[in-house]
Amino acid sequence: MFSKKTMVVTGAVILIVLNGVVFSFNYIRQSSFRSAAVETVLFFVSPFQDAVFHTLDYGQDLWRQYFALVRTAEQNEELRKKLDQARQQIHEFREIREENKRLKRLVNFKSATRVSMEAAEVVAKDPSPWYRTVIINKGRDDGVEKGSPVMVPDGIVGQVMNLSDGYAKVLLIIDRNSAVDALVQRTRARGVVRGLSSGETCRFEFALRKQDIRVGDTIITSGLDGIYPKGMRIGWVSKVIRRNSGVFQEVEVRPNADFHKLEEVLVVLNSPDIDDVLN
Amino acid sequence: MIRYLFYLVLVVCLVLLQTSILPYLPVVGRFYDFLIPLIVYLSLYKPLGDGLPVLAAGGLAMDMLSGAPIGIYMTTYLWVFIACRGAPRWFSIRDHLLFSVLVVLGVLFQNVLFAAAVLMTETPRFFTPHSLRIILLQLFWALVTAPFLWLGFRYLFVNPGRLSGKESRNGI
């Protein structure tokens, strides 16, 4: 119907007129038409603007939050690590404090006793549940000898049964193969403390029935076995059974040393010679 | 050569496990001897040339580290090894079931041997409630852990050549 040229020209004219009309609004003050036109435009366009703006804002927020989250997660991870490190440090400090306490006791004990001692750490325990030995990290090079007594401030622990240059195997007094010549501190009743390997108790053997031994009595080394110095604490009497017949009474002894928590020990380097003891 | 080095490392690891780690875990109490499953496994599935050196090294290490009469571990391993060698002829079951049964029997045998050693040399009673509890606990742990150990050993022994970065021709 119309040629292309006519349509282009008509469109251009309409645009120019429309443009003129729109420009003319700037000069028509307080025009109701202008207000209506703006309102109409706002009515139709603003919702989309709003939507676009919020979408963009949401996207921006999301983007920001994502990064914030990533950062937070990283910070969280970092803080967790720091917390773990702090916990580990607290644990280490506690461990050092405990070790310090134990070592202080060992040092005090070492300086209070006349015998020469060497501190050692327990590095392994007996693989068999039927025998009670431990391996310590001091050996021949440190002056340890076969038969050297081993103790803690609470009491005696055992004696060295085998050794190498750097390590020694210690037979604990609760082992069934262990025997320690002992005295009841209060009454000086003599006997032999033998290990049972069952639990943490020993037996005070060969104590005559007539001898006065009571629960709670302290058992000490007599020094007569030539291994342990005299007067070292072994344990305390936890049970006494006096039967109607028999020469001896049955006495159960609970060692002072806590064999479950055995970590550091002292090895007596100049254990008494049996001849010295007898003389 | 690398095979024997591998066995040696394994034995040392097991010995360390039961002397320096397990005794300090109060939860597991007194565990059974971990070398018994290894001996049982080697006896059942590996040639003599593999089992005997392990038996000797493990037995020697345990005997030297323990306060038990010297030779008792070696004796235990030797008899367990010999008994397990002939076991497939007597049992119709195979694989992990046979392995588990033999491990439990091996642990029981070791305890019997220890009891005999104690009773021969000592006056105190061996079978106290405490010792019976230890034996039962050991058998229980042996029964529970044996299938897992079987899987572990199978994984380790299928081709230990991979540990050295090259394939083993006979696959141990």
Side-chain angles (χ1 to χ4, degrees), chain A residues 95 121-137 139 146 150 157-164 166-179 192-206 248 250-253 258-264, chain B residues 11-12 14-26 28-36 58-59 61-70 72-73 76 107 110-138 141:
Chain A
E95 198 61 24
E121 277 180 319
V122 175
V123 293
K125 288 185 177 178
D126 201 311
S128 162
W130 308 116
Y131 296 91
R132 311 302 293 268
T133 59
V134 293
I135 310 279
I136 57 171
N137 63 351
K146 192 174 176 178
V150 178
V157 167
Q159 61 169 298
V160 173
M161 61 188 293
N162 298 103
L163 75 164
S164 66
Y167 296 91
K169 183 156 76 176
V170 178
L171 179 74
L172 302 182
I173 56 165
I174 51 172
D175 186 277
R176 62 182 84 246
N177 293 319
S178 165
V192 174
V193 172
R194 286 186 74 101
L196 293 173
S197 289
S198 54
E200 301 291 314
T201 55
C202 300
R203 216 164 30 189
F204 187 60
E205 290 182 341
F206 311 119
F248 305 114
E250 286 176 32
V251 182
E252 189 185 86
V253 175
D258 188 347
F259 292 98
H260 276 303
K261 296 176 184 169
L262 213 54
E263 288 177 62
E264 291 98 11
Chain B
V11 168
V12 171
L14 288 176
V15 170
L16 284 179
L17 182 72
Q18 47 195 352
T19 54
S20 296
I21 299 170
L22 289 177
Y24 294 95
L25 301 176
V28 290
R30 284 308 207 160
F31 229 84
Y32 68 97
D33 183 357
F34 267 129
L35 279 167
I36 288 181
M62 293 294 276
D63 276 326
M64 295 303 115
L65 289 173
S66 170
I70 303 242
I72 196 164
Y73 278 99
T76 310
V107 172
Q110 190 180 46
N111 280 301
V112 168
L113 214 62
F114 270 105
V118 170
L119 290 172
M120 272 194 284
T121 55
E122 280 290 317
T123 43
R125 287 176 303 140
F126 180 80
F127 292 105
T128 58
H130 175 78
S131 57
L132 285 175
R133 200 168 57 238
I134 289 179
I135 294 173
L136 288 175
L137 202 66
Q138 287 197 358
W141 281 121

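The chains referred to below are lettered A, B, ... by the order of the sequence lines, with proteins before strands, and numbering in each begins at 1. Since we're looking at a predicted model, the values are computed, not measured.
- Closest approach of B/S66 and A/D126 over heavy atoms only: OG-OD1, 2.9 Å.
- Of all heavy-atom pairs spanning A/K169 and B/M64, the tightest one is NZ-O, 2.6 Å.
- Heavy-atom distances place both the backbone and the side chain of A/K125 under 4.5 Å from chain B.
- Shortest non-hydrogen contact noted between A/P129 and B/Q138 is CG-NE2, 2.9 Å.
- Most heavy-atom pairs under 4.5 Å with chain B: of the set A/V123, A/L171, A/N162, this distinction falls to A/V123.
- Looking at A/V170, neither its backbone nor its side chain comes within 4.5 Å of chain B, counting heavy atoms on both sides.
- Shortest non-hydrogen contact noted between A/I135 and B/L65 is CD1-CD2, 3.9 Å.
- Looking only at side-chain heavy atoms (C-beta outward), A/S128 and B/Y73 come within less than 4.5 Å of each other.
- The environment of B/F34 atom CZ is dense: over 12 non-hydrogen atoms of other residues, nucleotides or ligands sit within 6.0 angstrom.
- Atom CD1 of residue B/I135 and atom CH2 of residue A/W130 lie 4.0 Å apart, to the nearest 0.5 angstrom.
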